[in-house]
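Take a look at the structure below.
All heavy atoms count here, side chains included; hydrogens, waters and symmetry mates do not. In what follows, every chain begins at residue 1, and chains take the letters A, B, ... in the order their sequences are listed.
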2 protein chains.
Amino acid sequence: MTKPRSIDWNGCPTRYAAGIFGDKWCFLLLRDVLLHGKRTYSEFLGSPEGISTNILADRLSRLEAAGMLDRQTDPRKASRVCYFPTRKARDILPALIGVMVWSTKYDARTEAPESFAASFQSDPVGTIEWYEAEIDRVDGEIRGFARG
Amino acid sequence: MTKPRSIDWNGCPTRYAAGIFGDKWCFLLLRDVLLHGKRTYSEFLGSPEGISTNILADRLSRLEAAGMLDRQTDPRKASRVCYFPTRKARDILPALIGVMVWSTKYDARTEAPESFAASFQSDPVGTIEWYEAEIDRVDGEIRGFARG
DNA sequence: AATACAACTTGCAATTTGCAAGTATAAATT
DNA sequence: AATTTATACTTGCAAATTGCAAGTTGTATT
């Protein structure tokens with residue numbers, strides 16, 4: 001029995017999370033898919049941070065393997081691929097928005113409106129529901145049906 | 001005017017956060033300092049993930065530069081250094097705990113007790129206050145005085 | 001049939017990481 | 001006073017990862 005070279009990445013909740021989005025690019029891709037309505041490779045590529053194509057492909061497959069994204073060919077055009085956020089991905093919305101509230105407090109150059117933090121703190125459940133409805137709207141538009 | 005090689009890392013709240021703890025090791029160090037009462041280089045080094053010494057030194061200085069950690073020599077022993085979490089770091093607690101709640105839901109091998117998520121959801125403010133009090137206790141013990 | 005999209009893959013240089021070993025300063029021990 | 005121990009780093013180097021440019025594949029469009 002030699003000293004293990006890789007650790008068990010499960011068990012500790014923080015470590016589990018770090019294994020999935022404790023990476024700059026995964027983190028930003030989740031932002032794009034959960035908050036900016038992006039679903040395709042080219043849309044992700046267009047984000048201002050400028051991810052390179054090999055890294056994007058790698059991170060998309062990691063997020064798919066982690067059960068965060070659901071990869072499917074676009075029903076409207078078979079040469080296009082869509083990455084839909086799963087329930088597991090949607091469920092990090094509260095934490096993600098919590099992070100954004102924190103950033104708006106400490107980033108002097110924040111672009112977020114002042115109302116953002118206040119409205120989340122006064123009605124967190126309603127805010128999450130609003131974002132979820134937006135996700136449903138985008139996905140429903142692509143899939144060609146609306147959800148209840 | 002050539003094409004800029006580094007992007008403006010501010011403005012977008014998610015990007016700001018990604019710049020500070022969108023890194024596995026920074027993320028885990030914040031866990032150690034905010035939730036596990038760790039304050040010194042050797043304590044961080046002892047965490048089960050096995051960070052190497054050069055990376056630890058690098059991440060500690062980054063977190064200090066980002067205003068997340070307050071580096072001070074230990075008043076009890078001048079050969080030792082303590083890294084105290086700042087208010088800015090403490091304010092990430094709600095999001096961090098939100099992430100942990102998410103992990104306990106999706107990590108089959110989670111070590112967190114079932115009560116954890118429930119107690120945070122029923123009384124988020126009280127839960128945060130409890131963690132803050134723990135941080136005060138640890139810091140007060142080191143500094144040799146107790147806070148209100 | 002030819003062109004254009006969209007989503008990747010490949011090759012390679014440059015940066016970052018991980019590991020082992022070394023250094024610096026202060027405290028404790030002999 | 002001299003030696004050992006503790007603590008917090010720094011340095012060197014091989015290995016892994018990243019970023020950039022270019023190429024490939026499958027599907028529309030003209």
_When you compare the side chain of A:K88 with that of B:W102, does any pair of heavy atoms fall below 4.5 Å?_
yes
*Hey, does A:D139 have a side-chain heavy atom less than 4.5 Å from the side chain of A:I135?*
yes
_Taking B:P94's backbone N and O only, do any of them form a donor-acceptor pair with B:Y131's side chain (distance below 3.5 Å, no angle check)?_
no
Write down the distance between [atom1] ([X]) and [atom2] ([N]), rounded to a whole number of angstrom.
{"X": "B:K24", "N": "D:dA16", "atom1": "NZ", "atom2": "C1'", "value": "12 Å"}
{"X": "A:D58", "N": "C:dT9", "atom1": "CG", "atom2": "C1'", "value": "12 Å"}
{"X": "B:Q72", "N": "D:dA8", "atom1": "CD", "atom2": "C1'", "value": "16 Å"}
{"X": "B:L69", "N": "D:dC9", "atom1": "CG", "atom2": "P", "value": "12 Å"}
{"X": "B:F44", "N": "D:dT7", "atom1": "CZ", "atom2": "C1'", "value": "14 Å"}
{"X": "A:D23", "N": "C:dT16", "atom1": "CG", "atom2": "P", "value": "15 Å"}
{"X": "A:L28", "N": "D:dT18", "atom1": "CG", "atom2": "C1'", "value": "15 Å"}
{"X": "B:L45", "N": "D:dT10", "atom1": "CG", "atom2": "C1'", "value": "14 Å"}

_Cation-pi geometry met for A:R59 and A:F44 (6.0 Å, 45°)_ = no
What's touching nucleotides 3-7 of chain C from the protein side, N or O pairs under 3.5 Å?
from  : atom 1 : to    : atom 2 : distance (Å)
C:dA7 : OP1    : A:V81 : N      : 3.4
C:dA7 : OP1    : A:V81 : O      : 3.2
C:dA7 : OP2    : A:S42 : N      : 2.8
C:dA7 : OP2    : A:S42 : OG     : 2.2

*asked:* Checking salt bridge (Lys or Arg N to Asp or Glu O under 4.0 Å) between A:D136 and each of A:R143, A:R90, A:R87, which is the one that passes?
replied: A:R90
*asked:* Counting only side-chain heavy atoms from C-beta out, which of C:dA26, C:dT17, D:dG19 sits nearest to B:A78?
replied: C:dA26
*When you measure from the side chain of A:N54, which nucleotide among D:dT10, C:dT17, D:dG19 comes out closest?*
D:dG19
*Scan A:R59 against the nucleic acid and name what it touches under 4.0 Å (heavy atoms): base, sugar-phosphate only, or nothing.*
sugar-phosphate
*Residue met sooner reading DNA chain D from 5', once A:I51 and B:A57 are mapped to nucleotides*: B:A57
*Where is the tightest heavy-atom contact between B:G11 and A:D107, given as atom of each residue plus distance?*
N-OD2, 3.1 Å
*Is any side-chain nitrogen or oxygen of B:W25 closer than 4.0 Å to OP1 or OP2 of C:dT16?*
no
_N-O pairing of A:R39 and A:E141 below 4.0 Å_ = no
